[in-house]
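Residue numbers start from 1 in every chain, and the chains themselves are labelled A, B, ... in the order their sequence lines are given, proteins ahead of strands.
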Protein chains: 2
Amino acid sequence: MTASVARTDTSTSPRKRAGNGAALREDVDDIGLDALVGHAGYAVRRFQLWIFQDFIKTLGDVDIRPTQYSVLTVIGANPGLSQMAVAKRLGIERARLVHLLDSLEQRRLVKRIKSKTDRRSHALHLTAQGDTALAKFKRLAAAHERHVEEKIGKANREQLLQILACFT
Amino acid sequence: MTASVARTDTSTSPRKRAGNGAALREDVDDIGLDALVGHAGYAVRRFQLWIFQDFIKTLGDVDIRPTQYSVLTVIGANPGLSQMAVAKRLGIERARLVHLLDSLEQRRLVKRIKSKTDRRSHALHLTAQGDTALAKFKRLAAAHERHVEEKIGKANREQLLQILACFT
DNA sequence: GGAAGATTGTTGTTGACGACAACAATTGCT
DNA sequence: AGCAATTGTTGTCGTCAACAACAATCTTCC
């Protein structure tokens, strides 16, 4: 039960349009997806699009994107990690992580500290400012997560997390 | 039951490393994700990455990517659609669809036919070659879908499709 | 019937992102 | 000491979403 199902609901849809030349009978969401309906990848792509847009909007005031949030969270929970360790854990390329950390370091949320035990690597830490900021980000992210719950239903969200747990 | 769960299995992992300078006790997948574990977006991102890579690999011989496949499928099932209709139905921007169709048209899989009823728009059709090609793509895509089933389990895949049906 | 507004396809730009390849500095192994 | 591997970094390439602008065309409304 619950789950809501909620129709597609693509914002503006003030009831069709009278006579359209080209569209003829094809009135959007009257168009069949054929084989696409059985593909998990398609559904996941649409879902990810929706969920990222909501995340970006919800955390818009603090200007934090999903990837940045994941980096901050992991560093916050595991201070002193190397860039390589963070990259491997999150499935980010270490080349990409360089730019992400550059940005976060400029914003004084993260600092790279030269490791004493391995002079190649950096130990990553949140700044004091980064620590309090992350707390705020987490509250906003929790609000975003509630949006997801409202969209697909509480039980469905939890099942989703369980099904996909092997990818985290 | 079933479901397999299957560990993360990120290719090469030949059992830790003896003494590592920087990593210390953090031996990958010993690193906590903290708040991230409760976020559907993170799980979905990782899953989508996996699923797209498998799709691209499985359809590698025919050089068809997920978005191209979705466009071909919709056109095949609804001949004569306008670019706008396809874009709206698939959640693609019409600007992006232009390049996608340019590519598919060069490969003689799709043709744009000037609409008589609306001289602004194009009626999209598969070529004969595109029609037989799509049939092959669908067989390969079905193989990809079986990979998904093996990864997350048959029942889980179906539940996933049901949960995310409101986004398709 | 004609002006004003909306729609369609197109081009171009921007930025996030994943995948690769190369490199210097450093470390580990033998 | 020497050679292979690792770490951070830089750079390039291609995909993709989000915008903005534009010409051609259609709709609508007066």
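- Taking each heavy atom of B:V110 and B:E105 in turn, the nearest pair found is O-CG, 3.2 Å.
- Residue A:R94 contributes atom CZ, which lies 12 Å from atom P of C:dA21 at whole-angstrom precision.
- To the nearest angstrom, C1' of D:dG11 lies 14 Å from CG of A:D102.
- Rounded to an integer number of Å, the gap from NZ of A:K116 to C1' of C:dT26 is 15 Å.
- Both A:L33 and B:L72 belong to a common hydrophobic cluster when Ile, Leu, Val, Met, Phe, Trp and Tyr are linked at side-chain heavy-atom distances under 4.5 angstrom.
- Inspection of the A:Y69 and A:R65 side chains reveals no N or O donor paired with an N or O acceptor under 3.5 Å.
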Query raised in the report: How does each nucleotide of nucleotides 13-18 of chain D score, in 5' to 3' order, for protein heavy atoms under 4.0 Å: base (B), sugar-phosphate only (S), or none (-)?
Result: --SSSB
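- Remark: B:H122 engages no residue in a ring pair (Phe, Tyr, Trp, His ring centres under 6.0 Å) (not counting sequence neighbours).
- Separating the CG atom of B:L101 from the C1' atom of C:dT10 is a distance of 12 Å, rounded to the nearest angstrom.
- The side chain of A:D118 lies closest to C:dT26, out of C:dT26, D:dG8, D:dC26.
- In this structure, a donor-acceptor pair under 3.5 Å is absent between the side chains of A:Q129 and A:R107.
- For the atom pair CD1 of B:I56 and CD1 of B:I51, the computed distance is 11.5 Å after rounding to the nearest 0.5 Å.
- Between A:Q68 and C:dA16 there is no side-chain polar atom (N or O) within less than 4.0 angstrom of OP1 or OP2.
- Side-chain nitrogen and oxygen atoms of B:R119 include at least one within less than 4.0 Å of the OP1 or OP2 phosphate oxygen of D:dC26.
- As rounded to whole Å, 12 Å separates atom C1' of D:dA5 from atom CE of A:M84.
- Considering only the side chain of A:V98, D:dT10 comes nearest among D:dT10, C:dG9, C:dT27.
- Ring orientation note: the planes of B:F47 and B:W50 are close to parallel, at an angle under 30° on the 30°/60° scale.
- Taking only side-chain nitrogens and oxygens, A:R112 comes nearer than 4.0 Å to OP1 or OP2 of D:dT9.
- Computed from coordinates, the B:K114 NZ to C:dT8 P distance equals 17 Å when rounded to whole Å.
- Taking atom CD1 on A:I113 and atom C1' on D:dT7, their separation rounds to 17 Å, with Å as the unit.
- Taking 3.5 Å as the limit, the base of D:dT6 and the side chain of A:R120 contain a donor-acceptor pair of atoms between them.
- If you take CD of B:Q83 and C1' of C:dG9, they are 6 Å apart, rounded to a whole angstrom.
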